Amino acid sequence: MDYRLLLLILPPMEFIIEAVVKAVKELYQTDIAAKDVNLQETRKEFEGQVTLVTFPYTKVSRKGPEQTGGEIGEYLKENVAEISGFNVVKGFLNLSFSDGFWLDKLKGEIALDDFAVAVPNSKKVMVEYSSPNTNKPLHLGHIRNNLLGFSVAQILDAAGYEVIKTNLVNDRGIHICKSMLAWQRFGNDETPESAAIKGDHLVGKYYVMFESKMREQLKPILSAVYDDGDLSAFTDIQKPKVQALLSNIAKLKDLVVQTPDNNTKALNDLNAKIAADEDKVKEIAKTATELMQQAQQMLQKWEAGDAETIKLWEIMNGWVYAGFAETYKSLGVAFDKFYYESNTYLLGKDTVEEGLASGVFFKKEDGSVWIDLTADGLDQKLVLRADGTSVYITQDIGTAQLKYDDFKMDESIYVVGNEQDYHFKVLFLILEKLGKSWAKGLYHLSYGMVDLPSGKMKSREGTVVDADDLMADMYKTAADTTEEMGKVEGLSEEEKDKLFRTIGMGALKYFLLKVDPKKRLLFDPKESIDFQGHTGPFIQYTHARVKSVLSKAGYNAETSTSDVETLGAAERDLIVLLSKFPQTIQDAAATHSPAVIANYVYEVAKNYNKFYHENPIMQAETESLKQFRLQLSAATAKVINKGMGLLGIDVPERM
RNA sequence: GGUCUCAUAGCUCAGCUGGAUAGAGCAACAGAUUUCUAAUCUGUCGGUCUCAGGUUCGAAUCCUGAUGAGAUCACCA
């Protein structure tokens, strides 16, 4: 974490900046802007807490950096009461604040109940996250999404926003019909109760079944195509497309033959292209399977409001929702408002009409409606089919409008994977071109995919890491580890259960949230998530340890008094770090990054552990010193608790 | 092919609106508990910050190019 910016805008540092401006003016008769005062955190190996970079002033001082630094340092020491000393290393002026300054900070700010409680900024922000499909259970990728969304919402709330958490459930469409059809055909009236399976997993089972049965039907079609050149399975519209793909594949294969064996790069490229075209053929062939056609028919029935289809859809979605509710509860995430695509999928058409009238969109000969974004470096994009039906982006245009009409929020954040970067670029641009005043408040929180060592998770290869399984694994690991360490003495079954859950989820959540959201994340199922080092349990343990000391000492914040005037190094470092919490929250909010909080809380825990090791608390030399160290400990526990809370992670009183 | 993202220690990651000798954790090795919880602490080992140019007093950080990895370019969602 880079705290330079933070120091610049941290209110308590303003007086230093002002003093530097004044110093340069008086010493060198030159006016400099406050934003040109380059303050940063002093590196560990030097004395001091704040460092002024003095290279920029050598021009106006016409002296070497060391001498310039010395002069400014002398001036600051004389004129700023809080600065007790300084040292100069090359172009760096390291400033030491008096211990009294830091002690005041602890007592007058950090220890108070309203520390890091932001004043409301009277802005409203919506965070849409999770947004699952109702045909499959959630997996590790969804966990990342859910934790990110929930945490970002917590952080924004702590930063002063009014937050609305929403979930746009993708509850309709061809993928749901696949599960429905497979259940209808092969299910034998199986229910979550009769099968003793969670509802979402049961529905997922039929989705998988559909795919595998459909694949069986695909084989003869494909072998007819490739072995006999028989295209009779396709419609007249599809035939020429397939024909074109096949001849392209043949051409590419010729090229492969002509390419020398040692040119592996060219061969790989060619083979990738062949595979891509073969995939396209396969996609078209899928639509020719009997099961796919039945599923399509079912979708049409659903859209027509066919009573029987709707009934089945409601039953199966009900199973899924019950399953999701359980998973959400385990994850500790929640929502203020649910939107369902079954209600919103027809939205957006009137907005398209608007855009057509205003000339933002144009109609092609076949009646389909498009927008031309080539001037913005993007492509042409279809927004309404020739038959007047919606596509994905049409719905999103409509849903964006609906959300704004519902809440009139200043900002709206979509927590969606980076595979949809292009989609959101287009969506936001369209809304802007439509003249929506709120379009500038839209933000795509694009996060990286969760990959396995083998690459992407693939359901077909059974490498999908199921959310419920993973959480159960974490619980078990937490339980085993804790028991092994003999830390469960005197705990009731209920307390143990709660503790294992807290630790297991803490490890998992921290593991996923400590990484910058936009980066892809590697998860190795073979290596269990660590409980030591830079981990959730490490921080939880630190908290438990603080709490243990506080209770053993019978610490009472109301009555505790102390008159210590000087600080040890570890104590001072800890206070300096704690004082940065409010600004860290603002920074995390501005960058939409829980990782900022995660790394900060880790620093706090690490610093506390160092302090704890070096300084006796109960056996401190004086009662006053003991009380001071307890106050510092209590403040640390509070920051850890609150910081972890922003990540959706609980901290135990003992572990 | 066009566009976008990423590349830092053996591994997983910080650091990136330009500043000091690039930091953690894991792994490996060596230590610390008569004292508040050893899920801890201390130390050792480990780096051409992918490469090549450029801007600058100063570049892991900014710019250009190359290489490698991923995503995307559907009348799917």
Side-chain angles (χ1 to χ4, degrees), chain A residues 1-2 4-5 8 38 40 42-46 51 53-56 58-59 65 89-92 94 131 133 170 172-175 273 280 283 341 345 366 368 370 377-379 381-387 389-393 395-396 417-423 425 446 448-449 451 455-456 478 481-482 484-485 487 503 507 511 514-516 518-524 527 530-542 544-553 595-596 598-599 602-603 605-606 608-610 612-620 626 629-630 633 654-655:
Chain A
M1 182 64 228
D2 187 342
R4 265 164 294 155
L5 178 69
L8 272 172
N38 189 349
Q40 58 184 270
T42 302
R43 295 180 66 107
K44 276 275 172 286
E45 58 267 40
F46 302 105
T51 294
V53 182
T54 57
F55 288 108
T58 54
K59 275 180 196 151
V89 182
K90 291 190 256 180
F92 300 91
N94 301 318
S131 304
N133 291 346
N170 185 1
R172 52 138 253 134
I174 189 68
H175 49 288
K273 279 182 191 164
K280 281 182 196 161
E283 284 308 312
E341 282 197 14
Y345 81 106
D366 64 356
S368 58
W370 296 71
L378 305 173
D379 303 309
K381 182 82 186 174
L382 176 103
V383 293
L384 210 58
R385 293 190 185 104
D387 62 6
T389 56
S390 305
V391 289
Y392 178 44
I393 202 150
Q395 293 175 45
D396 268 2
N418 63 11
E419 55 198 352
Q420 295 201 38
D421 284 355
Y422 183 77
H423 172 76
K425 223 186 251 183
S446 162
M449 298 288 103
D451 288 326
K456 255 183 132 165
T481 311
T482 308
E484 214 170 276
M485 290 175 140
K487 302 227 175 192
I503 298 173
F511 177 83
K514 77 170 174 181
V515 182
D516 185 340
K518 64 176 186 287
K519 294 203 172 176
R520 63 186 270 272
L521 197 136
L522 191 76
F523 176 81
D524 190 345
E527 285 178 34
D530 276 327
F531 282 49
Q532 279 159 14
H534 189 181
T535 67
F538 168 90
I539 298 165
Q540 291 174 321
Y541 172 73
T542 307
R545 195 146 74 161
V546 178
K547 283 298 188 171
S548 167
V549 177
L550 292 175
S551 77
K552 278 193 179 149
V596 169
N599 287 307
Y602 171 65
E603 282 300 319
K606 209 163 60 138
Y608 183 82
N609 281 322
K610 190 180 165 69
Y612 176 92
H613 250 266
E614 292 173 358
N615 301 281
I617 298 171
M618 310 267 258
Q619 314 294 331
K626 173 178 165 184
R629 286 180 179 158
L630 288 170
S633 296
R654 65 167 275 194
M655 69 183 270

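In the text below, chain A, chain B and the rest are named by the order of the sequence lines, each starting its count at 1. A quick note: this is a predicted structure, and the numbers were derived from the prediction, not measured.
Under the side-chain contact (heavy atoms from CB on, under 4.5 Å) test applied with Pro616(A), the options Gln619(A), His613(A), Glu614(A) reduce to a single match, Gln619(A).
Projected onto RNA chain B by closest heavy-atom contact, Ile617(A) and Lys90(A) fall at different nucleotides, the more 5' of which corresponds to Lys90(A).
Across the P atoms, G18(B) and A60(B) are found 13 Å apart, a figure rounded to whole Å. Annotation: G65(B) and C11(B) have their P atoms spaced 29 Å apart (nearest Å). Across A38(B) and A32(B), the matching P atoms stand 15 Å from one another, rounded to whole Å. Across C49(B) and A24(B), the matching C1' atoms stand 16 Å from one another, rounded to whole Å. Nucleotides C6(B) and G15(B) place their P atoms 13 Å apart, quoted to the nearest Å. Nucleotides U5(B) and G43(B) have their C1' atoms positioned 40 Å apart, rounded to a whole Å. Rounded to the nearest Å, the gap between the C1' atom of A27(B) and that of U12(B) is 11 Å. On the P atoms, G25(B) is 8 Å away from U42(B), given to the nearest whole Å.
Closest to the side chain of Arg545(A), from the set U12(B), A38(B), G19(B), is A38(B). The side chain of Met618(A) approaches C36(B) more closely than any other nucleotide in the set C4(B), A20(B), C36(B). Considering only the side chain of Val515(A), A14(B) comes nearest among A14(B), A39(B), A20(B). The nucleotide whose nearest atom lies closest to any side-chain atom of Lys519(A) is, among A39(B), C6(B), C41(B), C6(B). Of all nucleotides listed (A71(B), A20(B), A39(B)), A39(B) comes nearest to the side chain of Thr482(A).
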Query raised in the report: side-chain hydrogen bond (donor to acceptor under 3.5 Å, both in side chains) between Asn609(A) and Arg545(A): does it pass, once the steps are laid out?
Result: CA-CA 9 Å; Asn609(A) 281 322; Arg545(A) 195 146 74 161; 2.8 Å; yes
Report task. Check the pair Asn170(A) / Ser131(A) against side-chain contact (heavy atoms from CB on, under 4.5 Å), numbers first and verdict last. Result -> CA-CA 7 Å; Asn170(A) 185 1; Ser131(A) 304; over 6 Å; no
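Side chain of Thr542(A) to backbone of Phe538(A): a donor-acceptor contact under 3.5 angstrom is found. Not a single donor-acceptor pair under 3.5 Å links the side chain of Lys90(A) to the backbone N or O of Phe55(A). Remark: the backbone N or O of Arg385(A) is not paired with any side-chain donor or acceptor of Thr389(A) at under 3.5 angstrom. Checked by atom type and distance alone, the side chain of Asp366(A) pairs as donor or acceptor with a backbone atom of Ser368(A) at under 3.5 Å. Of the possible polar contacts, none joining the Ser446(A) side chain to the Gly417(A) backbone as a donor-acceptor pair under 3.5 Å is found.
In this structure, CZ of Phe531(A) is placed 9 Å from C1' of A39(B), rounded to the nearest angstrom. Atom CG of Leu522(A) and atom C1' of G70(B) are 13 Å apart (whole Å). The CG-P distance, from Asp379(A) to C73(B), rounds to 10 Å in whole Å. Atom pair Phe55(A):CZ and G19(B):C1' shows a separation of 7 Å (rounding to whole Å applied). Lys456(A) has its NZ atom 5 Å from the P atom of U72(B), to the nearest Å. Note: CG (Asn609(A)) to C1' (A38(B)) measures 11 Å, nearest angstrom. Going from atom CZ of Phe538(A) over to atom P of A39(B) covers 12 Å, rounded to whole Å. The CG-P distance, from Leu521(A) to U12(B), rounds to 11 Å in whole Å.
Within 4.0 Å of Ile503(A), counting heavy atoms only, lies at least one base atom of the nucleic acid. Base engagement by Ala544(A) is indicated by at least one non-hydrogen atom pair under 4.0 Å involving a base atom. Contacts of Phe92(A) with the nucleic acid, taken as non-hydrogen atoms under 4.0 Å apart, include base atoms. Residue Lys487(A) is classed as a base contact, given a heavy-atom separation below 4.0 Å to a base. Among the heavy atoms of the strands, none lies under 4.0 Å from Asp396(A). Residue Met449(A) is classed as having no contact, given no heavy-atom separation below 4.0 Å to the nucleic acid.
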Identify the pairs formed between an N or O of the protein and an N or O of nucleotides 74-77 of chain B at a distance under 3.5 Å, and give each distance.
{"from": "C75(B)", "atom 1": "N4", "to": "Asp366(A)", "atom 2": "OD2", "distance (Å)": "2.8"}
{"from": "C76(B)", "atom 1": "OP2", "to": "Arg385(A)", "atom 2": "NE", "distance (Å)": "2.9"}
{"from": "C76(B)", "atom 1": "OP2", "to": "Arg385(A)", "atom 2": "NH2", "distance (Å)": "2.3"}
{"from": "C76(B)", "atom 1": "O5'", "to": "Arg385(A)", "atom 2": "NH2", "distance (Å)": "3.4"}
{"from": "A77(B)", "atom 1": "OP2", "to": "Tyr392(A)", "atom 2": "N", "distance (Å)": "3.1"}
{"from": "A77(B)", "atom 1": "O3'", "to": "Glu341(A)", "atom 2": "OE1", "distance (Å)": "3.3"}
{"from": "A77(B)", "atom 1": "O2'", "to": "Asn170(A)", "atom 2": "ND2", "distance (Å)": "2.9"}

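Using cut-offs of 30° and 60° on the angle between ring planes, the pair His423(A) and Tyr392(A) is parallel.
The environment of Glu45(A) atom CD is dense: over 12 non-hydrogen atoms of other residues, nucleotides or ligands sit within 6.0 angstrom.
From Asp396(A), atom CG reaches atom OH of Tyr345(A) across 15.5 Å, with rounding to the nearest 0.5 Å.
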Requested in this report: Report, as a single string ordered 5' to 3', how protein heavy atoms within less than 4.0 Å touch nucleotides 23-33 of chain B: B base, S sugar-phosphate only, - not at all.
Outcome: SSSS-------
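Using the Watson-Crick or G-U wobble rule with both distances under 3.5 Å, G19(B) pairs with C57(B). Across all strands shown, A52(B) forms a Watson-Crick or G-U wobble pair, both distances under 3.5 Å, with U64(B). As the counterpart of C4(B), G70(B) is assigned, both hydrogen-bonding distances of the Watson-Crick or G-U wobble pattern falling under 3.5 Å. In a base pair of the Watson-Crick type (N1 to N3 plus N6-O4 or O6-N4) or a G-U wobble (N1-O2 and O6-N3), with each distance short of 3.5 Å, C45(B) is matched with no nucleotide. Under the Watson-Crick or G-U wobble criterion, with both distances below 3.5 Å, U35(B) has no partner in any strand shown. Under the Watson-Crick or G-U wobble criterion, with both distances below 3.5 Å, C26(B) is paired with G10(B).
Here the closest non-hydrogen pair linking Lys626(A) and Met618(A) is CD-O, 3.7 Å.
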